[in-house]
Amino acid sequence: MLSEKLMAILVCPLGKSELRQEEGALVCVRCGPRFKITHYGYPNLVIEDAELPEGCRSLADLPCQRESKK
Ligand SMILES: [Zn+2]
């Protein structure tokens, strides 16, 4: 588990939304991609490496992504 201090500064790289901690991953509360926590104990926040939520075929489908393009 990541510390509260670290969680407070981590945001979704797309829309700067809050992240929720799940088993082995961080999930954007708004757009839903899963960012895997590496074996070093740090999350990989590279969006290209994230697991997209169901119904999203590409990054362009994510709400945070659309928002950041405005
Ligand atoms: Zn997001």
Side-chain angles (χ1 to χ4, degrees):
M1 284 302 214
L2 301 175
S3 71
E4 267 176 51
K5 224 175 173 180
L6 188 55
M7 283 307 292
I9 56 165
L10 294 176
V11 291
C12 173
L14 294 179
K16 312 288 179 234
S17 295
E18 229 175 281
L19 296 168
R20 178 180 72 230
Q21 227 173 145
E22 282 188 4
E23 191 71 42
L26 295 180
V27 182
C28 172
V29 297
R30 184 139 169 269
C31 66
R34 289 172 61 85
F35 300 97
K36 293 251 170 66
I37 294 169
T38 68
H39 55 278
Y40 298 111
Y42 288 98
N44 177 357
L45 292 180
V46 178
I47 188 64
E48 284 81 10
D49 292 344
E51 215 175 276
L52 297 178
E54 228 171 290
C56 274
R57 270 162 301 157
S58 73
L59 294 177
D61 288 341
L62 298 171
C64 279
Q65 176 72 351
R66 277 188 243 128
E67 184 77 6
S68 66
K69 281 211 175 117
K70 260 181 219 159

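Start at 1 and go down the list; that is how both ligands and their atoms are numbered.
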Q. For Lys16, what residues pass the side chain to side chain donor-acceptor pair (under 3.5 Å) criterion, not counting sequence neighbours?
A.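 Partners of Lys16 by the side chain to side chain donor-acceptor pair (under 3.5 Å) criterion come out as none, since no residue qualifies.
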**Q.** Glu51: partners by side chain to side chain donor-acceptor pair (under 3.5 Å), with sequence neighbours left out
**A.**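 If we apply the side chain to side chain donor-acceptor pair (under 3.5 Å) test to Glu51, skipping adjacent residues, the hits are Lys36.
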All N/O donor-acceptor pairs, side-chain side in residues 19-29, below 3.5 Å, sequence neighbours left out:
| from | atom 1 | to | atom 2 | distance (Å) |
| --- | --- | --- | --- | --- |
| Arg20 | NE | Glu22 | OE2 | 3.4 |
| Arg20 | NH2 | Glu22 | OE2 | 2.9 |
| Gln21 | OE1 | Leu2 | N | 2.6 |
| Glu22 | OE1 | Arg34 | NH1 | 2.5 |

Q) Can you list the protein N, O or S atoms less than 2.8 Å from the Zn ion (ligand 1)? A)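 Near the Zn ion (ligand 1), the protein supplies Cys12 SG, Cys28 SG, Cys31 SG, Cys64 SG.
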Q: Could you grab the distance from atom CG of Asp49 to atom CZ of Phe35, nearest 0.5 Å is fine?
A: 9.5 Å
(Q) Quick check for you: to the nearest 0.5 Å, what is the distance between Cys31 atom SG and Ile47 atom CD1? (A) 6.0 Å
Q | Same cluster (ILVMFWY, side-chain, under 4.5 Å), Leu10 and Ile37 | A | yes
